[in-house]
Q: 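Below is the structure I would like to discuss, written out as structure tokens.
Since the structure is predicted, the reported quantities are computational estimates derived from the model, not experimental observations. Lettering of chains follows the sequences in order, A, B, ..., and the numbering in each one begins at 1.
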2 protein chains.
Amino acid sequence: MEHYLTSVQKCCTLLKVFINGNKEWGVTDLSKELQWSKGAVHKMLSTLESEGFIKQNPQTKLYSLGYTLLELGNKVKHDDDWVSFSRSYLQQLAELTKESVCLCIRDHRDAIYVDKLDSPLPIRFIIDAYRRFPLYATSASRVILAFSPEEMWDAALEEPITAFTEQSLTDLSEIRSRLELIRSRGYEISSNMRNVGVTGIAAPIYQADGSVNASISLIGPSDRMEPNVDRWLSALLQMTKEMSRLVGYK
Amino acid sequence: MEHYLTSVQKCCTLLKVFINGNKEWGVTDLSKELQWSKGAVHKMLSTLESEGFIKQNPQTKLYSLGYTLLELGNKVKHDDDWVSFSRSYLQQLAELTKESVCLCIRDHRDAIYVDKLDSPLPIRFIIDAYRRFPLYATSASRVILAFSPEEMWDAALEEPITAFTEQSLTDLSEIRSRLELIRSRGYEISSNMRNVGVTGIAAPIYQADGSVNASISLIGPSDRMEPNVDRWLSALLQMTKEMSRLVGYK
DNA sequence: AAACAGTGTTCACTATATGTGAACGAATTA
DNA sequence: TAATTCGTTCACATATAGTGAACACTGTTT
């Protein structure tokens, strides 16, 4: 089936421009960005505005995302089974470690932190949650990828690899052997791959059928993480083992 | 101008069904709810799914909101000028009072809490943020309505009034005189109107032109709020006065 | 003060996308 | 095994959407 609704696809394309782009756009700018006629852009924007998906600044006439999307995004989070299931575990882990913790899930060929708790300490890593990023990028997402079928490895590594830091893995064979390492030891610990001076510890949640679509991760400043790696890792593994059992994994 | 894009309007209508309705929908259910043909509903859902705005459970075949909406909703919050401007003030107020605090804004004829901090105390009021509600409903939103032009009063009171508790104001003249009271004293304190046993204290943020589109509110269990009302109110008023000054109000 | 160069916005028309409603296969229930 | 109910597919008649030029406005430049 390939008969999608054209104008709905275009509507989604337009909204997505706002995710990684500017927070405000003019009609002409969007027209250039999307290669649509000004008339088409304007008609799309005013339709979306009438629905609360877009708002227009009365002074500057520029458009930005509307509050109905805030409602929808909040509903996604509150309806999510992984989020409601994991909340108390995240709190427990945050309490114990005083570091930032998060729940990572896979959505198609991307990863997203769908829930998080930031460390209460003055020096802390603030997790940039609710945003899509590549599966190979962080310890939490690499754990998910490692335990996914090989087709997923291919899909995730198909697009050009982004290096987030100097120490990011960029070579395909390097990434693949890293994934094999994760698969064999059952967890991931990495430093400086997504953010310099930051260490992440991540473990997978196994589902009833043995597949993995979610992971729990602990992220903090490397110098504070390193002395505690063994303690935090065993606490994390114990927790994810228990969580896996509860969702039916044997 | 009335030539909106029909299928985009319908796409928005479909997505909004998920906000207040079930978290999962089948094609037939949505077809009945929206009075569209099954074919049309299916085509819309599969288009939105291909864009990540909707996801389908492979087992049950039921549809729910997709993670791209989580990304968009998060962007709305992070791009919002009121949210970034108010964050430190909310923290300050939360620190002082140990009660839940929030930032309320008006969007057309609705109110939304666009940011919040929940009380750290074991007994606390958890603010249901990021959801639209009527302007007449809570102390925070009534403050905004009170200082809005009278056309807004008419618009907000046009729809049938929802009573959230036994003590909610439902009579139109009762609401209007309440708004006049708020306008004359410059703040709102109310109990049991949205939630039984809960008291809210709210004050407006005035913009450069004297208009009001945002307010700060303090919400907590009535028995803990009452002994502190005077202290909290003066702290709140001092804060909103300072905030109003900073956005250009004289 | 006048011309200009930007906006966002509007419009009528033709090519194009879209909703219909019946038919399909796959589950699930009787 | 028959009946029901689900999501999904399809071809065609009909309603919709993109075009690109013209518009009204704003602020700037001459």
Q: Angle class for the A/F164/A/Y136 ring planes (parallel below 30°, perpendicular above 60°, tilted otherwise)?
A: tilted
Q: Just the rounded figure in Å: distance from C1' of D/dA15 to NZ of B/K10.
A: 11 Å
Q: Are A/H42 and C/dG8 close enough that a side-chain N or O sits under 4.0 Å from OP1 or OP2?
A: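 No.
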Q: A/H3 has an atom NE2; how far is it from atom P of D/dA11, in whole Å?
A: 8 Å
Q: Find the distance A/K61:NZ to C/dT9:P and express it as a whole number of Å.
A: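 Going from NZ in A/K61 over to P in C/dT9 covers 6 Å.
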Q: Establish, yes or no, whether a centroid distance under 6.0 Å links the rings of B/F133 and B/Y113.
A: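 Close enough - the centres of the two rings lie under 6.0 Å apart.
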Q: Report yes if a side-chain nitrogen or oxygen of A/Y63 is closer than 4.0 Å to either non-bridging phosphate oxygen (OP1 or OP2) of C/dT7; otherwise report no.
A: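 Checking C/dT7 against A/Y63, no side-chain N or O comes under 4.0 Å of OP1 or OP2.
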Q: Can you check the B/Q59 CD to C/dA26 P distance for me, whole Å?
A: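 To the nearest whole Å, that distance equals 18 Å.
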Q: I'd like to know whether CD of B/Q238 has more than 12 heavy-atom contacts from other residues, nucleotides or ligands below 6.0 angstrom.
A: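 No.
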Q: Would you find a donor on one side and an acceptor on the other, under 3.5 Å apart, between the side chain of A/K116 and the backbone of A/I127?
A: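 Side chain of A/K116 to backbone of A/I127: a pair is present.
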Q: Specify the separation, in whole Å, of atom CG of B/N57 and atom C1' of C/dA27.
A: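 That distance rounds to 15 Å.
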Q: Would you say A/Q56 places a side-chain N or O within less than 4.0 Å of OP1 or OP2 belonging to C/dT9?
A: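 Affirmative; the distance criterion is met.
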Q: Give A/S7 one of three labels, base, sugar-phosphate or nothing, depending on what nucleic acid heavy atoms sit under 4.0 Å from its own.
A: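 If one applies the 4.0 Å heavy-atom cut-off, A/S7 turns out to touch the sugar-phosphate alone, with no base involved.
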Q: Choosing from D/dG20, C/dT20, D/dG7, which nucleotide comes nearest the side chain of A/S37?
A: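 Taking heavy atoms from C-beta onward, the closest nucleotide is D/dG20.
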Q: Using a cut-off of 4.0 Å on non-hydrogen atoms, how would the nucleic acid contact of B/T28 be classed: base, sugar-phosphate, or nothing?
A: sugar-phosphate
Q: Does A/T60 or A/V8 map to a spot on DNA chain C nearer the 5' end, using the closest nucleotide for each?
A: A/T60
Q: Taking CD1 from B/I54 and C1' from D/dT8, how many angstroms apart are they, rounded to a whole number?
A: 17 Å
Q: Starting at atom NZ of A/K43, determine the distance to atom C1' of C/dC13, rounded to an integer number of angstrom.
A: 11 Å
Q: Taking any heavy-atom pair under 4.0 Å as a contact, classify A/Q9: base, sugar-phosphate, or nothing.
A: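 Contact class for A/Q9: none.
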Q: I'd like to know if the side chain of A/Y130 pairs up with that of A/K77 as donor and acceptor (distance under 3.5 Å, no hydrogens or angles considered).
A: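 Distance-only check passes for A/Y130 and A/K77.
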Q: Once you round it to whole Å, what is the distance between P of D/dT8 and CG of B/D29?
A: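 Going from B/D29 (CG) to D/dT8 (P), I get 13 Å.
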Q: Using heavy atoms to find the nearest nucleotide of DNA chain D for A/T6 and A/K38 separately, return the residue whose nucleotide is more 5′.
A: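 Result: A/T6.
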